S.K.: 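First, the structure itself, so that you have it in front of you.
Residue numbers run from 1 in the order of the sequence given. In this text, all values refer to a predicted model and were calculated from it rather than measured experimentally.
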Amino acid sequence: MNNNPAQFPQNPYTQFVDEAEGLDKLEGLQSHQNEDVYKKAVHILEQYFGIDDDEDTSVAPTMDGQGFVFQPQQSAGVPQGGFTFG
């Protein structure tokens, strides 16, 4: 018997967890110092809530010989001299 939760429309217990602010607590456990706790929290979020813990590599800094280099991506929506308010 296959009890994969992904095959069911919605696990009824996920609503209870959500109403009790359990998602916030599970997301907080992703920064726990114990790696097993982190892995289990990620597994629960991915398996039952469809939340991926993928990092956005486009915002990660690059590293040079002296440390991290933060360079924002240039966007077509930002004027050359920046925005002027006032």
S.K.: If you define the side chain from C-beta out and look only at heavy atoms, does anything of Leu29 sit under 4.5 Å from Lys40?
M.R.: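 In short, these two side chains do not touch, never coming nearer than 4.5 Å.
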S.K.: In chain order, what residues pass the side chain to side chain contact (heavy atoms under 4.5 Å, CB included) check against His43, with sequence neighbours excluded?
M.R.: Gln47
S.K.: Roughly how far, to the nearest 0.5 Å, is the CD atom of Gln30 from the OH atom of Tyr38?
M.R.: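 Going from OH on Tyr38 over to CD on Gln30, the span is 6.0 Å.
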S.K.: Can you list, pair by pair, the side-chain donor-acceptor contacts under 3.5 Å of residues 14-27, counting residues two or more places apart and other chains?
M.R.:
from, atom 1, to, atom 2, distance (Å)
Thr14, OG1, Gln10, NE2, 3.4
Thr14, OG1, Asn11, O, 2.6
Gln15, NE2, Glu19, OE2, 3.0

S.K.: Suppose we screen for side chain to side chain contact (heavy atoms under 4.5 Å, CB included). Which residues come up paired with Asp36, at least two apart in sequence or across chains?
M.R.: Asn34
